[in-house]
There are 2 protein chains.
Amino acid sequence: MNHEPVLAPMLRKLRLWGNLDAAQEQALLDLPHNVVAVERNKAVVREGDPASQCWLVLSGFCVRLKYVGSGGRQIVSIHMKGDMVDLQNALLGRADHTVQTLTACTMARLPIQAVRRLTDTCPAIKDALWHDTLVDGSIHREWVANVGRRDASTRIAHLLCEFALKLEAVHLGEQMDYELPMTQDQLADATGLTPVHVNRVLQTLERDGLVERATPKSVVIGDWKRLAAFGDFRPDYLHLDMAKRRAEGR
Amino acid sequence: MNHEPVLAPMLRKLRLWGNLDAAQEQALLDLPHNVVAVERNKAVVREGDPASQCWLVLSGFCVRLKYVGSGGRQIVSIHMKGDMVDLQNALLGRADHTVQTLTACTMARLPIQAVRRLTDTCPAIKDALWHDTLVDGSIHREWVANVGRRDASTRIAHLLCEFALKLEAVHLGEQMDYELPMTQDQLADATGLTPVHVNRVLQTLERDGLVERATPKSVVIGDWKRLAAFGDFRPDYLHLDMAKRRAEGR
DNA sequence: CGTTTGGTTGACGAAGCTCAAAGCCGGTGG
DNA sequence: CCACCGGCTTTGAGCTTCGTCAACCAAACG
């Protein structure tokens, strides 16, 4: 059987943002890289580090996060297969946030100069990557609103919806029933809450029939429409056309 | 005397992000545009609208914000002279957030196709604009952390610091003493708090000698270092080199 | 089997929210 | 010049949501 190129997941993601011709796609796949196995809960980039590498997630899940003075941590985004998780840091030259794995991951490390060389010779690729960072920004804005203006249960429901939809976009299948790769501690760091409170909120969500949880980490969304409504989730900010269809469709 | 070109403030900002040669700078200044006077508290772009124009702030202040289901509003960023306040919406094609003035503003409206045409013919300009959107993303991440993980007074102090530093970057002067162009309502929308609570926090900040407020809106930062420490403000996320010097320097 | 990691529970406390009223301008019109 | 008005700020009292602390539990793993 025919092995898929290592960097194919990145390509699949970038295709969402624009059309690339065969030569451009090949150039992307030919980017120099090493594949690295990273264990769970490891920081691959630390806030403040000079950043010269760009990390691409091939399998597993990771997050970007920031520490605040009081010792708290705030997760600012969650990433999965195909995400170039550190393009921002690498292009800006110095990491303004930490990148950490949630689960064991396989990641590809691309030297940023090679990426730059490619974007400089190929405008379509530069556009795709730019677009990717723009969508990233849109998601950040939604998170500011989520954390700033929604109450705990709405906030968590919203996060569960976003995660489900992103999973689906990557796997190109239905993901209304998935494993959330985060502990309640980490969920708390993503929502600006306490682990204890996250625990209680999850219980009420379950009691209200909005999710089922066979094991602590498994999430089954019984009624997508109801959860999305409860979580004030309108997927436009993901700028995923597929997302839009789905949210209305089911 | 020699009139400055209308779009000069944009140029001044973009120069922070990279070197442009004279021809490139001229091309930017020559972008087609109309100048519009916008009164206070007017939305120039609404969430959900198709976005085909890009707005540039020439004078005054404006914000980007999102509405949530419960009726709340969350301001996601604050903008001033020289900021291309709607590049993100315009490039993504549909507005994922609202753009609204805080004060009366003069703004320039650029057709996004013209901007695209320019970036397509001139990679250096595309890079500068890309960089601008990347810094924007970095600021968003800091806001997620600010709103998610800092308590009310730290959060407000942080915002005051960010504002002071951005003012300074634009005006190229000292801005430890400025007019905050926001009501306490708006400050609340930017920090995810209630107006009432913002009011009380401002009073404690004043009582503790961290700021002085001759009139409600005027802010005088007596001791920059102390306010920055209190507000957990480390300016690296602004990716403004000047900012760094200043924060340590005084 | 112990140990570790994460989840669950309870009692209590505090930060911040709500509601409502009152004060304080700066502007406008009589 | 004064009275009124509207937008903003300030204050108070009571309440809710969420945080803290501390213990206990359950599954996973060596």
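Protein chains get the first letters and strands the later ones, always in sequence-line order, with residue 1 at the start of each. Since this is a predicted model, take the numbers as computed values, not measurements.
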Open item on the list: Between A/Y67 and A/Q74, does the side-chain hydrogen bond (donor to acceptor under 3.5 Å, both in side chains) criterion hold? Intermediate values first, please.
Closed with: CA-CA 6 Å; A/Y67 292 91; A/Q74 176 69 44; over 6 Å; no

Open item on the list: How many whole angstroms separate atom CD of B/Q203 from atom C1' of D/dT9?
Closed with: 9 Å

Open item on the list: Without decimals, in angstroms, what is the distance between A/R200 CZ and D/dC18 C1'?
Closed with: 9 Å

TODO: Could you tell me whether A/G192 contacts a base, only the sugar-phosphate backbone, or nothing, with contacts defined as non-hydrogen atoms closer than 4.0 Å?
DONE: sugar-phosphate

TODO: Ignoring backbone atoms, test whether A/R155 places a side-chain nitrogen or oxygen under 4.0 Å from the OP1 or OP2 oxygen of D/dT17.
DONE: no

Open item on the list: Let me test you: for the helix from C/dT8-D/dA23 to C/dG30-D/dC1, what is the angle between the axes at its two ends (five pairs each), rounded to 10 degrees?
Closed with: 40°

Task: Nucleotide D/dG19, atom C1' - distance to CD of A/Q184 in whole Å - done: 16 Å

TODO: Return the value, rounded to whole Å, for the distance between atom NE2 of B/H197 and atom C1' of D/dG14.
DONE: 16 Å

Open item on the list: For a quick test of reading the model: is some side-chain N or O of B/N199 closer than 4.0 Å to OP1 or OP2 of D/dT10?
Closed with: yes

- [ ] Decide yes or no on side-chain hydrogen bond (donor to acceptor under 3.5 Å, both in side chains) for B/N146 and B/E142, but give the supporting numbers first.
- [x] CA-CA 6 Å; B/N146 198 38; B/E142 183 70 27; over 6 Å; no

Task: A/R94 and B/D236 ion-paired at < 4.0 Å - done: no

Task: Residue pair A/H140 / A/S138, side-chain donor-acceptor N/O under 3.5 Å - done: no

Open item on the list: Rounded to whole Å, how long is the line connecting atom CG of B/L187 with atom C1' of D/dC8?
Closed with: 13 Å

Task: Nucleotides bounding contact with chain B, strand DNA chain C, heavy-atom threshold 4.0 Å - done: C/dG16 to C/dC19

Task: Interatomic distance where NZ belongs to B/K217 and C1' belongs to D/dT10 [whole Å] - done: 16 Å

Open item on the list: Could you report the tightest heavy-atom contact between A/A228 and A/C161, atom names first, then the distance?
Closed with: CA-SG, 3.8 Å

Open item on the list: Testing the 3.5 Å rule here: is there a donor-acceptor pair between the side chains of A/H158 and A/D232?
Closed with: no

Open item on the list: Between A/C62 and A/V85, does the side chain to side chain contact (heavy atoms under 4.5 Å, CB included) criterion hold? Intermediate values first, please.
Closed with: CA-CA 8 Å; A/C62 64; A/V85 87; 3.9 Å; yes

TODO: Decide yes or no on side-chain hydrogen bond (donor to acceptor under 3.5 Å, both in side chains) for A/R109 and A/H33, but give the supporting numbers first.
DONE: CA-CA 5 Å; A/R109 201 174 43 189; A/H33 60 273; over 6 Å; no

- [ ] Grab the CG-P distance between B/D151 and D/dG19 for me, whole Å please.
- [x] 13 Å

Open item on the list: Heavy-atom nearest nucleotide on DNA chain D for A/V196 versus A/R150: which residue maps closer to 5'?
Closed with: A/R150

Task: B/W224 and B/F233 aromatic ring geometry - parallel, tilted or perpendicular at 30°/60° bounds - done: perpendicular

TODO: Could you check A/R149 against A/D185 and say which one's nearest nucleotide on DNA chain C is further toward the 5' end?
DONE: A/D185

